[in-house]
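These figures come from a predicted structure and were not determined experimentally.
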Amino acid sequence: MRLAITGGTGLVGRFIVNEALRAGDRVTVLTRSAPVPGFFAGEVTHLPYELGAEPPDLSGFDALVHVAFDHLPGRYRGGEGDDPAGFLARNLDGSRRLFDQAARAEVPVVFLSSRAVYGPLDGPLDEGMTCRPDTLYGQAKLAAEQALTDSGQPALVLRATGVYGVPGPGQRHKWADLFDDFAAGQPIAPRIGSEVHGDDLAAAVRLGLNGLRGIYNVSDLLLDRRDLLAMWARITGTSGTLPEPADPSGFRVMRTDRLAAQGWRGGGIDRLQATLRDIAAQAGIASRGR
């Protein structure tokens, strides 16, 4: 397949690009800057693109995977900073222009949305709920979803939870600051959240490239920081004070029954442990155990 992928050089996009390359697809990344040599598992073509600009002609591609999202570094919720109008102009209006371009080229779309579209609804969260996002991030994602689905063009929307995995060259993994604070003996606040590995998200994208349409949740693990740090300590020998267990009763889990019915499975705790060992190895830390 000939794929156009926005945001391919980001932490999340890199997993999707690498899966496509392993599948034998010809990938063009639509990003501000060209990737550095060796960033991906193979060679890609680069087209300069940013969300605030007019999208390129998508004729000749077999699918568009839209991952790009413009936000303050490290922040999705609250990622608008002090420029909410610009945030919406880039992320919502920019996505609409991109979808319009895909429609003109008759190119199907896989769109990476977010669990943030649900807002403070009581869980479990399923795709049939009426969403009530309470952040500008969630509102922008939901409005982009609606623009895409209302257009009638063939599309898969993936409402993903937090994504983890081994970072690429020049990147820091999502728990880097947390692990640094733990090693430095800093107090760690209790927290619980849901996670999915980047390769598992890429497997869900592949379903869309193979013809799956509609809206689907993507989530795997419910992970307490205490358990994560305990695993990290066992693997690396890092000593630190574990936080108290978080209260899971208020966390709204996303149901993934519909995606599982399509053959999708997350990697679970085994993939998490393997990833932590890989992160340790990347940092030059010898693994001591599971």
Compare every heavy atom of T238 with every heavy atom of A233, then report the nearest pair and how far apart it is. CB-O, 3.3 Å
Qualifying ring pair (Phe, Tyr, Trp, His ring centres under 6.0 Å) pairs, either residue in residues 105-132, two or more places apart: H66-F111, F99-F111
Is there a donor-acceptor contact under 3.5 Å from the side chain of Q139 to the main chain of L88? no
Hydrophobic clustering (ILVMFWY, side-chain heavy atoms < 4.5 Å, transitive) - are V67 and L47 grouped together? no
In terms of heavy-atom contacts, G165 and H173 come closest through O-CB, 3.9 Å
Does one hydrophobic cluster hold both L142 and L156, with members joined at side-chain heavy-atom distances below 4.5 Å? no
With R32 via salt bridge (Lys or Arg N to Asp or Glu O under 4.0 Å) - residues at least two apart: D70
According to salt bridge (charged side-chain N to carboxylate O under 4.0 Å, His left out), does anything in residues 151-177 pair up with another residue at least two apart or in another chain? List the pairs. E145-R159, R172-D177, R172-D180, K174-E195
For residues 37-57, which residue pairs qualify under side-chain hydrogen bond (donor to acceptor under 3.5 Å, both in side chains), counting only residues two or more places apart or in two chains? T31-H46, D57-S59
Could you pull out the closest heavy-atom pair between P243 and I188, with the gap in Å? CB-O, 3.2 Å
Crowded around E244 CD? As in, over 12 foreign heavy atoms under 6.0 Å? no
Taking only residues at least two apart or on different chains, which pairs with a member in residues 1-40 satisfy ring pair (Phe, Tyr, Trp, His ring centres under 6.0 Å)? F15-H197
Pair listing, side-chain hydrogen bond (donor to acceptor under 3.5 Å, both in side chains) test, anchored in residues 9-24, at least two apart: E19-R206
Test L276 against L228 for side chain to side chain contact (heavy atoms under 4.5 Å, CB included), laying out the working first. CA-CA 9 Å; L276 292 176; L228 172 65; 4.1 Å; yes
Run the numbers on F182 and R225 for side chain to side chain contact (heavy atoms under 4.5 Å, CB included), then give the verdict. CA-CA 11 Å; F182 179 61; R225 268 185 180 174; over 6 Å; no
Nearest heavy-atom contact between A246 and D224 is N-OD2, 2.8 Å
Under 4.5 Å between side-chain heavy atoms, hopping through other hydrophobics if needed: is there a path connecting I192 to V253? yes
Residue pair S219 / V196: nearest heavy atoms and the distance that separates them: CA-CB, 4.3 Å
Decide yes or no on side chain to side chain contact (heavy atoms under 4.5 Å, CB included) for N91 and L51, but give the supporting numbers first. CA-CA 6 Å; N91 293 305; L51 282 166; 3.3 Å; yes
Sequence neighbours excluded, every pair satisfying salt bridge (charged side-chain N to carboxylate O under 4.0 Å, His left out) that has a member inside residues 120-134: E127-R258
Which residue pairs pass the ring pair (Phe, Tyr, Trp, His ring centres under 6.0 Å) test when at least one of the two sits in residues 211-233, sequence neighbours left out? F179-W232
May I ask you to test the R90-D83 pair for a side-chain heavy-atom distance under 4.5 Å? yes
Joint hydrophobic cluster, L207 plus V27, side-chain heavy atoms closer than 4.5 Å: yes
Please list, chain by chain and in numerical order, all residues satisfying side chain to side chain contact (heavy atoms under 4.5 Å, CB included) with R265, sequence neighbours excluded. A260
Test of understanding: with salt bridge (Lys or Arg N to Asp or Glu O under 4.0 Å), list the residues that count as partners of D220, not counting sequence neighbours. none
For the residue pair A102 and V109, what are the closest heavy atoms and their distance? CB-CG2, 3.7 Å
For R255, check salt bridge (Lys or Arg N to Asp or Glu O under 4.0 Å) against everything at least two apart and list the hits. D257
Non-neighbouring partners of A204 that pass side chain to side chain contact (heavy atoms under 4.5 Å, CB included), sequence neighbours left out: L158, V218, L259, W264
Are L58 and V29 linked, directly or through intermediate hydrophobic residues, by side-chain heavy-atom contacts shorter than 4.5 Å (ILVMFWY only)? no
Side chain to side chain contact (heavy atoms under 4.5 Å, CB included) evaluation trace for L112 with L201: CA-CA 9 Å; L112 182 62; L201 176 59; 4.0 Å; yes
